[in-house]
Participant: 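Here's a structure for you.
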Amino acid sequence: MTLPTQYNAEDVESKWYQYWMDKGYFRSTPDEREPYTIVIPPPNVTGVLHMGHMLNNTVQDVLIRKARLEGKNACWVPGTDHASIATEAKVVKLLREKGIKKSDLSREEFLKYAFEWKDKYGGLILEQLKMLGASCDWERTRFTMEEKLSDSVIKAFVDLHKKGLLYRGLRMTNWDPAAQTVLSNEEVIHSQENSKLYHVRYRIEGTEDDWVTIATTRPETILADAAVAIHPDDERYTHLKGKKVIIPMVNRVVPIIFDKYVKMDFGTGALKVTPAHDMNDYDIGQRHNLEVIDMLHDNGRLKGPFYVGMDREDARKQIAKDLKFQGHIVKIENYSNSVGRSERTNAVVEPKLTKQWFLKMEGLSATALEAVENGPVDFLPEHMLNTYRNWLKPENVRDWCISRQLWWGQQIPAWYLKEDKEQIFVAETPEEALLQAQEKLSNPELTIEDLEREEDVVDTWFSSWLWPMSVFDAFEDSKEMQYYYPTNVLVTGWDIMYLWVARMVMAGYEWAPGLLGEDLAKEKGVHPFKHVYFTGMVRDNMGRKMSKSLGNSPDSLALIKKYGADGVRYGILSAAAAGGDVIFDAPFVDKTKTAIQNKSDLCNTGSKFSNKLWNALRMIKGLEVIEKPANERIANVNAFAIKWLENEYNKTLDSVEKSFESLRLSEAVKTLYNFVWGDFCSWYLEMIKPDYLKPIDRATLDTTIDFFEKIMTLLHPFMPFITEEIWAHLRENRAEGDDCTVSTWPTAEAFDEQFLYKTSLLKDLVGSIRNARDKGQLPKKELLELLVKDTEAAHTFLAENGLKETIEKIAFLKNFDYTTEDQHEGAAFISGTEQYYLLFEQKVDVAAERKKLEGELKQKRGFVMGIEKKLSNERFVNGAPAKVIEMERKKLADGKAKIQLLIDSLDKLK
RNA sequence: GGGUGAUUAGCUCAGCUGGUUCAGAGCAUCUCGCUUACACCGAGAGGGUCGGGGGUUCGAAUCCCUCAUCACCCACCA
């Protein structure tokens, strides 16, 4: 069998995923093993895979694959979120393109269309996750609006209502005129926009020509003004106390009021108050009993009395003209202010007084804070706790507005008495609601016809916060919940820390105790996850978030096609320390910007790494085998190489484990990269590689394959495809089920630091020899003679079994011996603390060599002086631990020895 | 206004509990090599007073203070 020189990720990857699926390797059912659970942060059902998902899901896959290799019952639950506003907006748009208006459809008809559309196009992202290698248990795929999950939502709602945590109230809310629904604060994105500040004068009632001038960015709302407000300490306006003003256009007379909210130094110091269309004005209105005049329809068009049916933005321009015509405009300034837009529809959000359902957050948020601050939930990176704390502080917490005026979502299980809408009955079914009504109103004659159901649905997050429980069918006495809950780790972006993470914690504490039962809750805990791993945001090279509207997100699938999923996974992981933002250079973003292309390409490093692994395999597979090593010399070298790799391997494994413990995945993958490329390929394989066309002995080859196999297991969580491919090639005739994906994670064994120090000296020496060859312009493989000054230390160093032969082999020496004489031909150099001579027929460039040695000497002297100073400092000697002092002493001794060698060398170079 | 981070090699970034992984990696640059696993490669080299200043300490890239610059989040903006 011949293997191609280049690894072809695309061909290899396509076959393995199906293979794993066929074998059912990702399937998890409760058993006696320890569970390791992750629930996916459900992407929008309409979403497509972007860089953020790739980072997020690669991290999850690494963790879940590692757990699987460790023999745990690894369960990664996938699924999608119904994303009510975004999806409904999309469906509405699609229907409009077909000429169907939402308003012409009944709720049932609309939902039918929506579900059809979801079934047809939704969940594409899950298929894309498979391309990435995500080892989810696909048989567990859930959807937040499927029947069972919706049932959980209803149950949770009813339960909260029973506990008295839900209420319905008239509040100023964020209104999205495009989607025609209320939004939570989190769904409103504020940004600075250019607008105009209109200075408009209002005539004071009872005067001919006395005016007060206000400043506003929204002159159209003048029609709904209820007062003009002044700061009570503003001396410019004290004469207006008790006066009234006449509002232009509508000629309504409204009072001048005094309120400390007004800033004296802003604008004119006089503020028009429009309680119906501004959050703060509403508050002022409450304080002063002002009339609330709503002049906008739900779609953002004007009710009147002027500009009827005109959109608010058009009306603004028109009224500005009209006010100017009537002499009310004093001036118009350019102005930059913050404008809130709907995250989902990008429409400018209107503050609007609406009746909504709210969830009391006081107790819930305190619990959520406590669970992380002093409880069982860890954040990574830790400092995220500060942000979390800041958001959950009592003064920053507001009740959660959970109703939405949409159809795509769970309809709120509340029924109103048709005759008196203030009579509300919350129940899981209409029958129960009716019973409640009959009882409460002491009227057994009531029928279901007398009730009508609340039209609104709940906020999407009201289903998401149940996700870690609802995916295990928690609300129906679930063995799965009892086994898998709490989940081990949640991997998500910090941008939804409050929106989602905090709320899942609340939900966990609210319901898990009841669902798990007292004993189990006590034993396992009720928190939804133990660790939260916050990934950073993936940004482009201008620091901007990747977003569809900017078009700065690279095409994920194109990346996978180009570099292979393994390459992309490597790239994105090695770039992302937990919590740190990732600047991801996107080669496909904008070909006109060379700056982007010039930058590093981490995925390419990953795909090169795949190729390196592949070729290491090719080398091993290409070897001829004999039973015994050809001679003792080869046997010694091989023994040394194996001993070295074994130690280096255990050290690496130890370090990788430590990185995993603290979830430092980028560190783990880099450690493995360095070990594989450096120690395994560059050193070990070169040591055991037989001469051209010579065979290798079976024992060495077998050991090498053992190592290679173990390395594949270690690397598997990061690069699942190539490791499985190599695994398959490494041994012929593997048993059924002997696959890398389900192999056994090795345990770290002790390693010998002392020995590894020797090997580092070896590396240094070999490097020096190569450097000397380089300078002497000698061919790499010409066999040379190396002499070392005969000292005790040199003997100790070379006494290590096989070390000398190994140096001879990889540095291409025909002879390596001791000498007492100084040598004058070839190159002289110092490695470690020894003086070496590499002999060849060429005079050294004396001047250049002297210069180099002098430089080295100067540096060494400075170094030694520093240590001497340190050691003569009594406070250091008394204060520092013995180990450190000992180390310093050794450094000093070695430094002094080296200085002597340098001086000797310089003397001889004269 | 409240909060959080960042500043280390030309670029992108690691660097955990202060001390042998302490000044690192990848990319880029330079020199030499198409060598028999790999030119997606190999061998070697250059390059940083760790943003400035102060402090704590025997010892600081690491802890504290301060200044500067740059991000981001929350609140708010007539």
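Chain A is the first sequence line, chain B the second, and so forth, proteins listed ahead of strands; every chain is numbered from 1. Only a predicted model underlies this, so the values are computations on that prediction, with no experimental measurement involved.
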Participant: Verify the distance criterion only: is there a donor paired with an acceptor across the side chains of S831(A) and D764(A) at less than 3.5 Å?
Facilitator: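 Note: S831(A) and D764(A) side chains meet the donor-acceptor criterion.
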Participant: Just checking L271(A): base, sugar-phosphate only, or nothing, at a heavy-atom cut-off of under 4.0 Å?
Facilitator: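 Counting heavy atoms under 4.0 Å across all strands, the contact made by L271(A) includes a base.
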Participant: Using purine N1 to pyrimidine N3 plus N6-O4 or O6-N4 for Watson-Crick, or N1-O2 and O6-N3 for G-U wobble, each under 3.5 Å, what pairs with C63(B)?
Facilitator: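 In the structure as shown, C63(B) has G55(B) as its Watson-Crick or wobble partner.
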Participant: The side chain of N386(A) is closest to which nucleotide in this list: C73(B), U4(B), A78(B)?
Facilitator: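 The closest nucleotide is U4(B).
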Participant: Using a cut-off of 4.0 Å on non-hydrogen atoms, how would the nucleic acid contact of T217(A) be classed: base, sugar-phosphate, or nothing?
Facilitator: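 Contact class for T217(A): sugar-phosphate only.
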Participant: I'd like the P distance from G24(B) over to C16(B), given in whole Å.
Facilitator: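 Comparing P positions in C16(B) and G24(B) gives a spacing of 15 Å.
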Participant: CG of N674(A) versus P of G26(B): gap in Å, rounded?
Facilitator: 7 Å
Participant: Just the rounded figure in Å: distance from C1' of U20(B) to CD of Q754(A).
Facilitator: 13 Å
Participant: Check the distance between G1(B)'s P and N390(A)'s CG and give it to me in whole angstrom.
Facilitator: 16 Å
Participant: Rounded to whole angstrom, note down the C1' distance from A23(B) over to U49(B).
Facilitator: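 The same atom, C1', in both gives a distance of 12 Å.
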Participant: Sort out the partner of A43(B) for me: Watson-Crick or G-U wobble, both distances under 3.5 Å, none otherwise.
Facilitator: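 A43(B) is paired with U31(B).
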Participant: Expressed as a whole number of Å, how far does the C1' atom of A9(B) sit from that of C27(B)?
Facilitator: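 Taking atom C1' in both A9(B) and C27(B), they lie 12 Å apart.
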Participant: Any base atoms under 4.0 Å from K658(A), or only sugar-phosphate, or nothing? Heavy atoms, all strands.
Facilitator: nothing
Participant: Consider side-chain contact (heavy atoms from CB on, under 4.5 Å). Of V273(A), D281(A), T274(A), D225(A), which one does L290(A) pass it with?
Facilitator: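 Result for side-chain contact (heavy atoms from CB on, under 4.5 Å) with L290(A): V273(A).
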Participant: Pick the closest RNA chain B nucleotide for S336(A) and for W683(A) by heavy atoms, then say which residue is nearer the 5' end.
Facilitator: W683(A)
Participant: Please find the pair of heavy atoms, one from R770(A) and one from W683(A), that lie closest to each other, and give the distance.
Facilitator: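 Closest pair (atom of R770(A), atom of W683(A), distance): NH1-CH2, 4.1 Å.
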Participant: What integer number of Å spans the C1' atoms of G53(B) and U12(B)?
Facilitator: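 To the nearest whole Å, 28 Å.
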Participant: Looking at U21(B), which nucleotide sits across from it as a Watson-Crick or G-U wobble partner, both distances under 3.5 angstrom, or is there none?
Facilitator: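 Matched U21(B) with nothing under the 3.5 Å cut-off.
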Participant: Using ring centroids (six-membered ring only for Trp), state whether Y673(A) and F609(A) fall under 6.0 Å.
Facilitator: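 That pair passes the under 6.0 Å test.
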Participant: Using the benzene-type ring in the case of Trp, are the ring centres of F708(A) and F680(A) under 6.0 Å apart?
Facilitator: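 Aromatic pair counts; centres sit under 6.0 Å.
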Participant: Give the rounded distance in Å between these two atoms: CG of L385(A) and P of G5(B).
Facilitator: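 My rounded result for the distance is 11 Å.
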Participant: How would you summarise protein contacts on nucleotides 37-42 of chain B per nucleotide, using B for base, S for sugar-phosphate only and - for none, with heavy-atom distances below 4.0 Å?
Facilitator: BB-BSS
Participant: Evaluate the side-chain proximity of F675(A) to Y649(A): yes if any heavy-atom separation is below 4.5 Å, no if none is.
Facilitator: yes
Participant: May I ask which nucleotide in the shown strands pairs with U4(B), Watson-Crick or G-U wobble, both distances under 3.5 Å?
Facilitator: A71(B)
Participant: Between the side chains of H288(A) and D259(A), does any donor sit under 3.5 Å from an acceptor?
Facilitator: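 There is such a pair (donor and acceptor under 3.5 Å, judged by atom type) between the side chains of H288(A) and D259(A).
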Participant: Sticking with atom C1', work out how far C67(B) lies from U7(B), rounded to a whole angstrom.
Facilitator: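 It comes out at 14 Å once rounded to the nearest Å.
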Participant: Centroid separation under 6.0 Å, is that true for the rings of Y563(A) and Y7(A)?
Facilitator: no
Participant: Considering only C74(B), G44(B), G2(B), which nucleotide approaches the side chain of D774(A) most closely?
Facilitator: G44(B)
Participant: Could you check which nucleotide pairs with G48(B) in any of the strands shown, counting Watson-Crick or G-U wobble with both distances under 3.5 Å?
Facilitator: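 G48(B) is paired with nothing.
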Participant: Does the gap between the ring centers of H383(A) and W494(A) come in under 6.0 Å?
Facilitator: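 They do not qualify: ring centres at least 6.0 Å apart.
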Participant: Could you check how far OH of Y498(A) sits from P of C74(B), rounded to whole Å?
Facilitator: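 Interatomic distance, OH of Y498(A) to P of C74(B): 12 Å.
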Participant: Atom CG of D281(A) to atom P of A78(B): distance rounded to whole Å?
Facilitator: 8 Å
Participant: Say we look at G54(B) and G47(B): how far apart would their P atoms be, to the nearest angstrom?
Facilitator: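 Their P atoms lie roughly 27 Å apart.
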Participant: Select from K651(A) and L693(A) the residue whose nearest nucleotide in RNA chain B is closer to the 5' end of that strand.
Facilitator: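 The residue whose closest nucleotide sits nearer the 5' end is K651(A).
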Participant: Of all the choices, A78(B), C72(B), G44(B), which nucleotide is nearest to the side chain of W494(A) once you look at every atom?
Facilitator: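 Ranking A78(B), C72(B), G44(B) by closest atom to the W494(A) side chain puts C72(B) first.
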Participant: Round to a whole Å and report the spacing from CG of L573(A) to C1' of A14(B).
Facilitator: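 From L573(A) CG to A14(B) C1': 14 Å.
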Participant: Between G10(B) and C32(B), how many Å separate the two C1' atoms, rounded to a whole number?
Facilitator: 23 Å
Participant: Mind checking the P distance from G15(B) to C70(B)? Whole angstroms is fine.
Facilitator: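 After rounding to an integer number of Å, I get 25 Å for this pair.
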Participant: Roughly, in whole Å, what's the span from CD1 in I189(A) to P in C76(B)?
Facilitator: 14 Å
Participant: Look at all strands and tell whether R664(A) reaches a base, only sugar-phosphate, or nothing, counting heavy atoms closer than 4.0 Å.
Facilitator: base
